[in-house]
Amino acid sequence: MSGTVAASAIGFDEVTLGYGRHPAVHHLNGEIATGSLTAIVGPNGAGKSTLLKGIVGALRPLDGHIRLTLPARASVAYLPQAAEIDRTFPLSVYDLVAMGLWSRSGALGGIGKGARSRIEEALSAVGLTGFERRPIGTLSGGQMQRTLFARLLLQDSPIILLDEPFTAIDAKTTADLLDLVRRWHAEARTVVAVLHDIDTVKRVFPQTLLIAREPVAWGATAEVLSAANLLRARQMVEAYDPHAAACDRSAA
Amino acid sequence: MIDYLVGPFSEFAFMQRALVGVIAIALGGGPIGVFLMLRRMSLTGDAMAHAILPGAAVGYLFAGLSLSAMTIGGLAAGVIVAVAAGLVSRFTALKEDASLAAFYLLSLALGVTIVSLRGSNVDLLHVLFGTVLALDDNTLLLLASISTITVMALAILYRPLVLECVDPVFLRSVSRAGTPTHLTFLGLVVLNLVGGFHALGTLLAVGMMMLPAAASRFWAADITAMMIVSILIGMLSGLGGLLLSFHLELPAGPAIILTAGIVYVLSLLAGREGGLLWLLWPGRHLEA
């Protein structure tokens, strides 16, 4: 990794994200440090995926700012929840993975010898050597997730966002993919992952943001995931209120 | 036998021109059809083909059976309907397929009415079913230019176009090429339909896109191979259809589309990638 090293990779200033005018993430303030490994934990409907969409820019904040510290020409690598991939499309594993090189080769640039060897390295890193020519429609769920991780590897991005990457994935695949997450952390990339498995979070992720539409606790994983905090998070997910009044909390 | 295949083309200039025309249409139409199919827009292509009719008809109203007037009218109408359907689906509760269906029914009725205002039934047939056996120099140039533009544009757009079909969320996260790519692609669809319209008419123009593309799906598991197969099938259908029409004295446009239809049915039955016969007799399962 090169370029400027800022203290925080992602900053939130009074961020409110939502759909229509209804907030899914309410008044979030804070920083995600460069090179940190953060888990986002919370009940269903707590706004975890919404938060990632906000960071990647797919959803514009209703209020506030999200600051990204990225070198020029780099973009955030984002693995959405149950990626909206058309699995019936006649495309090979190799070609899908190769798309991770987009930020370097763009729509027209060639994929040379060096790039091809990087693609092969990425495939071998996720344990998919020999699957190059397989159509993506023939992959199992775990193999598909490995393919998408290979693509993330090639994106070579300083900020990596993962939305429930291990849901419906077996233990062996999860362990292999977690090794990649550790490797990214060791390479000083900023990794943010939405997770449901508290044990995995405690084992692998030093930082945790516990969220239930509003941040409940944020900091070192062991302190954040206390029984009291988890209980509070469960109680804080409110029902959808079609007649909610405008929020008048001061934006200061 | 050879005389049966080559004779018509060596003897008659209009058959040579027709062959060049359908080959040009197959070159552009095949890959466009493959992308329409993979983007689940097969019926969009059909609807847009009808949408061209009133535009071409207005051109006809002003200038008779003039190449440029009908081309410009058709292009304008195609673009208007594509954009209008897109806007309606984006800003109202109506889905794009429903709004396209509404627009194309309207277009078809409007187009036939406009042509009838001035012309005879022969002219109406000309507009609806084309005149592949009467292609003049300018029409051939137009068809060749359209297929050249199409092939070059697809080469440039290939990556974003594929990515937009497979994984639109990923494309949006790495690039803003998505929307311009989609719009350019719609433009190419209209362009090819207008080209096909001169040879095959508004009703059948889309046939040289969708039938070869649908047939190619049964022979190839890879999009590059599918595009090549679809072009070959298109050319073969053009050749076969022209011969059929020459020897059996059938109308040429429908004969070409019928040939493409026969290729499609054969592919559906025997195609190596999921053809029906392979489903019925899959053979013993493999070891791994």
Side-chain angles (χ1 to χ4, degrees), chain A residues 49 52-53 55-59 68 70 73-111 130 132-138 144 147-148 151-152 154-157 159-161 163, chain B residues 30-31 33-42 152-182 184-185 213-230 271-274 285-286 288:
Chain A
S49 301
L52 291 198
K53 280 182 199 156
I55 298 173
V56 84
L59 193 67
L68 287 180
L70 272 172
R73 292 184 52 75
S75 61
V76 175
Y78 169 51
L79 179 63
Q81 183 180 12
E84 289 173 37
I85 289 185
D86 179 3
R87 300 272 295 269
T88 62
F89 197 93
L91 197 73
S92 67
V93 167
Y94 188 92
D95 290 341
L96 183 59
V97 170
M99 285 170 177
L101 293 170
W102 184 286
S103 58
R104 227 151 285 110
S105 59
L108 288 173
I111 291 188
E132 288 86 352
R133 300 260 62 95
R134 279 273 291 273
I136 54 174
T138 65
M144 190 69 205
T147 306
L148 294 176
R151 187 172 73 181
L152 286 173
L154 282 182
Q155 280 186 265
D156 191 28
S157 169
I159 300 179
I160 300 170
L161 310 178
D163 197 348
Chain B
V34 167
F35 275 109
L36 277 174
M37 177 177 70
L38 293 175
R39 294 167 81 88
R40 293 158 205 239
M41 286 169 61
S42 304
M152 290 200 309
L154 283 182
I156 293 170
L157 287 180
Y158 181 71
R159 264 183 217 163
L161 207 51
V162 168
L163 201 44
E164 230 227 338
C165 305
V166 185
D167 194 349
V169 176
F170 177 76
L171 180 63
R172 245 175 282 143
S173 80
V174 293
S175 154
R176 279 163 210 220
T179 309
T181 300
H182 182 69
T184 316
F185 177 70
S216 74
R217 187 72 180 90
F218 291 103
W219 297 107
D222 176 85
I223 178 165
T224 330
M226 272 172 70
M227 290 197 286
I228 293 168
V229 173
S230 74
R272 192 65 196 84
E273 296 288 331
H285 68 259
L286 306 174

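A, B, ... follow the sequence lines: proteins, then strands. Residue 1 opens every chain.
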What I'd like to find out is whether the side chain of A:Ile85 reaches to under 4.5 Å of the side chain of B:Phe170, using heavy atoms alone. no
If you take all heavy atoms of [X] and [Y], which pair is closest and at what distance?
X	Y	value
A:Thr88	B:Arg217	O-NH2, 3.3 Å
B:Leu38	A:Asp86	O-OD2, 4.0 Å
A:Pro90	B:Ala221	CB-O, 3.2 Å

Please classify the contact of B:Arg40 with chain A as side chain, backbone, both or neither, using a heavy-atom distance under 4.5 Å.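 For B:Arg40, the contact with chain A is made by the side chain alone.
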Sort B:Val166 into side chain, backbone, both or neither according to what part of it lies under 4.5 angstrom from a heavy atom of chain A.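 The answer is both parts of B:Val166.
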Looking at B:Leu157, B:Leu163, B:Asp222, which has the largest count of heavy-atom pairs under 4.5 Å with chain A?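 Ranked by contacts with chain A, first place is B:Leu163.
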If you measure from CG on B:Asp167 to CG on A:Leu148, what distance do you get to the nearest 0.5 Å? 7.0 Å
